[in-house]
Amino acid sequence: MTDFIIFSVTTIAIWSVLGISLHLQFGLTGLVNFGQVLPFAVGAYGAGFAAVHGLPIWAGALIGCGLAPLIGVLVILPAGRLTQDYWALVTLGAGEIFRLAMLNISGIAGGVEGASVVRLGDRTLAMVLALVLLTGTALFAFRMDRSPLGRLLRVLREDETLAATLGRNPLRFQLVVTAVSWVMAGLAGVLYAHVTGYVSPSSFMVIETFVIWTAVVLGGPNTIAGVVLGTAVVQLTGVSTRFIAQWSHLPSELVANLRLAAFGAVLVLVFLFRPQGVIPEPKRRYNADSR
Amino acid sequence: MLIAADISVAFGGFQALRSVSVQAAPGSIVGLVGPNGSGKSTLLDVIAGLRQPDGGKVQLDGATVPLGRPDVVAGFGIGRAFQVPRLARRLTVFQNVMVGARGQSGEKLSDLFLRPGRVARREREVEAAARDILRRLDLSHKANDYASDLSGGQQKLLSMGILLMAHPRVLLLDEPAAGVNPVLIERQIRFLRELRDEGRIIVLVEHNMEMVANVCDHIFVLDAGEVIAAGTPMQIRADARVMRSYLGQPA
């Protein structure tokens with residue numbers, strides 16, 4: 001039971017970091033990133049590359065979370081002038097291109113077979129590291145959220161042209177947000193690799209992006225608390241489908257697919273009936289009368 | 001002095017502006033009038049850097065204003081308000097006004113984490129300035145409402161307030177009186193005169209002829225992308241061609 005709790009908390013913490021990263025991009029800035037799995041994969045593959053090439057763990061971590069924002073900037077630069085729907089397509093494609101590249105280039109981290117990396121044997125330590133990463137990410141994001149920068153990012157979300165006529169270069173701020181949030185997701189990827197002990201292309205399918213999206217949209221894309229809550233619900237559902245499969249004697253593949261169908265339904269229903277999610281963006285009040 | 005010279009814009013085969021030149025002196029309100037589709041808003045977009053013209057140049061006080069770069073143009077002290085106000089609708093009125101301020105240290109990630117004191121100080125200044133502007137616009141009681149909850153007229157006032165936070169030299173206003181109730185129009189007119197008397201340059205696109213005749217010092221009449229008349233409100237009223245272009249028949 002303790003093992004299960006430790007496993008669940010670790011999983012929720014890692015995926016919450018991915019959710020907070022998406023909160024900064026989508027909830028705050030309005031960037032529709034349908035390739036959120038990409039920086040996560042880049043982080044994990046940094047660890048994989050280091051393991052395969054005999055580099056120390058810290059070098060892998062550095063490669064993973066250094067490369068993630070660089071790739072993010074490369075993706076956003078041509079896409080920066082595009083409208084939101086094209087952004088979604090470009091990022092979706094970029095994520096798949098990376099996965100297919102890792103699948104086919106065996107020299108980087110084992111190709112289709114994947115690669116083993118050092119696995120954190122102490123599961124409690126893994127959980128603590130995940131919680132430390134989550135706390136750090138949340139504090140960083142919170143500072144951004146409640147700052148003049150957060151205010152401006154929300155203006156970008158609402159109307160890029162307004163921000164431009166007020167003297168701000170929208171692309172510059174989108175680049176900053178992408179770099180920061182992709183570092184976060186990259187770190188989550190590095191940790192994930194060392195928690196599971198291997199990296200393989202099958203861990204970074206498009207569907208993972210939508211698991212993150214479901215969590216963020218369900219909990220509320222505009223608040224950190226909402227993102228963590230949504231991630232907890234979605235990941236616990238994911239974990240418990242295995243038990244459901246055991247109890248119901250249904251094939252576990254069917255249950256897993258039903259789970260994804262349920263996520264899809266949740267995504268559509270929340271978008272239709274409660275687009276602000278379970279925890280909506282709070283109104284920031286100012287005293288307009290004091291002299 | 002704001003000068004837009006020989007501005008030409010074509011949308012595909014349609015010539016929206018043909019070598020249009022207008023100028024506006026500090027401390028004056030210049031009106032752009034003309035029928036729908038005559039190119040007034042397009043001209044404002046060009047000056048504001050929102051549309052790259054096919055030819056022409058823009059100058060402010062002798063310095064060349066870059067074309068097609070709205071964020072850089074704003075740095076010259078040129079502010080553009082839109083016919084349908086552009087606002088951050090899911091932010092409050094107060095937050096919208098605050099965003100108008102330039103040079104916010106807290107928008108830099110490095111300052112946010114390394115110079116929190118400076119960020120907090122600047123934020124207090126911005127708050128105080130926003131309070132003043134809202135009081136001036138008589139919108140203080142709406143400060144914590146979402147921008148989307150304001151009436152159309154209040155939204156137009158708010159977008160002007162956002163611009164004023166940056167202390168602009170030039171205000172490009174697109175139909176500030178359209179859809180605004182008469183009481184609010186009165187207040188706008190008073191306000192425009194105040195801004196003019198502070199030495200600013202105001203360029204006004206407006207269909208409300210009463211407002212135009214009332215506040216403008218100089219008027220340019222556009223028709224089919226060309227300036228067909230220019231002068232004081234009195235001169236324009238006496239110009240037969242203007243009446244034709246507005247009414248579509250011999251005056």
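In what follows, chains are A, B, ... by sequence order, proteins preceding strands, each numbered from 1.
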For chain A, the option from [options] that forms the most heavy-atom pairs under 4.5 Å:
| options | answer |
| --- | --- |
| B:Val73, B:Leu87, B:Ile78 | B:Leu87 |
| B:Arg89, B:Arg90, B:Lys108 | B:Arg90 |
| B:Gly106, B:Gly100, B:Ala120 | B:Gly106 |

Does the side chain of [Y] come within less than 4.5 Å of [X]'s, by heavy atoms?
| X | Y | result |
| --- | --- | --- |
| A:Arg284 | B:Phe94 | no |
| A:Tyr286 | B:Arg131 | no |
| A:Pro148 | B:Met98 | no |
| A:Leu152 | B:Gln104 | no |
| B:Glu123 | A:Arg151 | yes |
| A:Thr165 | B:Asp71 | no |

Practice prompt. Return yes if some donor-acceptor pair links the side-chain N/O of A:Arg143 with the main-chain N/O of B:Leu112 below 3.5 Å, else return no.
Written response: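 Judged by distance alone, yes, a pair lies under 3.5 Å.
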
A:Arg274, CZ atom: more than 12 neighbouring heavy atoms under 6.0 Å: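 Enclosed: over 12 neighbouring heavy atoms sit under 6.0 Å from CZ of A:Arg274.
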
Are there over 12 heavy-atom neighbours, none belonging to B:His167, within less than 6.0 Å of that residue's NE2?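 No - once you tally the heavy atoms of other residues, nucleotides and ligands closer than 6.0 Å, there are 12 at most.
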
Residues A:Met144, B:Leu109; criterion side-chain contact (heavy atoms from CB on, under 4.5 Å); working and verdict: CA-CA 8 Å; A:Met144 277 177 76; B:Leu109 212 49; 3.8 Å; yes

Answer with side chain, backbone, both or neither: which region of [X] has an atom nearer than 4.5 Å to a non-hydrogen atom of chain B?
| X | value |
| --- | --- |
| A:Val155 | both |
| A:Phe140 | both |
| A:Asn169 | both |

Name the region of [X], side chain, backbone, both or neither, that has any atom closer than 4.5 Å to a heavy atom of chain A.
| X | answer |
| --- | --- |
| B:Pro116 | both |
| B:Ala128 | neither |
| B:Arg69 | side chain |
| B:Ser140 | both |
| B:Tyr146 | both |

Exercise for review: Specify which of A:Arg285, A:Lys283, A:Arg157 makes the most heavy-atom pairs with chain B at under 4.5 Å.
Suggested key: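 That would be A:Lys283.
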
Do you know which of A:Thr161, A:Leu153, A:Asn222 has the most heavy-atom pairs with chain B at a distance under 4.5 angstrom?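 Between A:Thr161, A:Leu153, A:Asn222, the count favours A:Thr161.
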
_Can you give me the closest heavy-atom contact between B:Ala74 and A:Ala164, atom names plus distance?_
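B:Ala74 and A:Ala164 have their closest heavy atoms at CB-O, 4.3 Å.
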
Next item on the list: Could you please spell out the steps behind the side chain to side chain donor-acceptor pair (under 3.5 Å) verdict for B:Gln95 and A:Arg154?
Entry: CA-CA 10 Å; B:Gln95 287 174 310; A:Arg154 288 184 171 92; over 6 Å; no

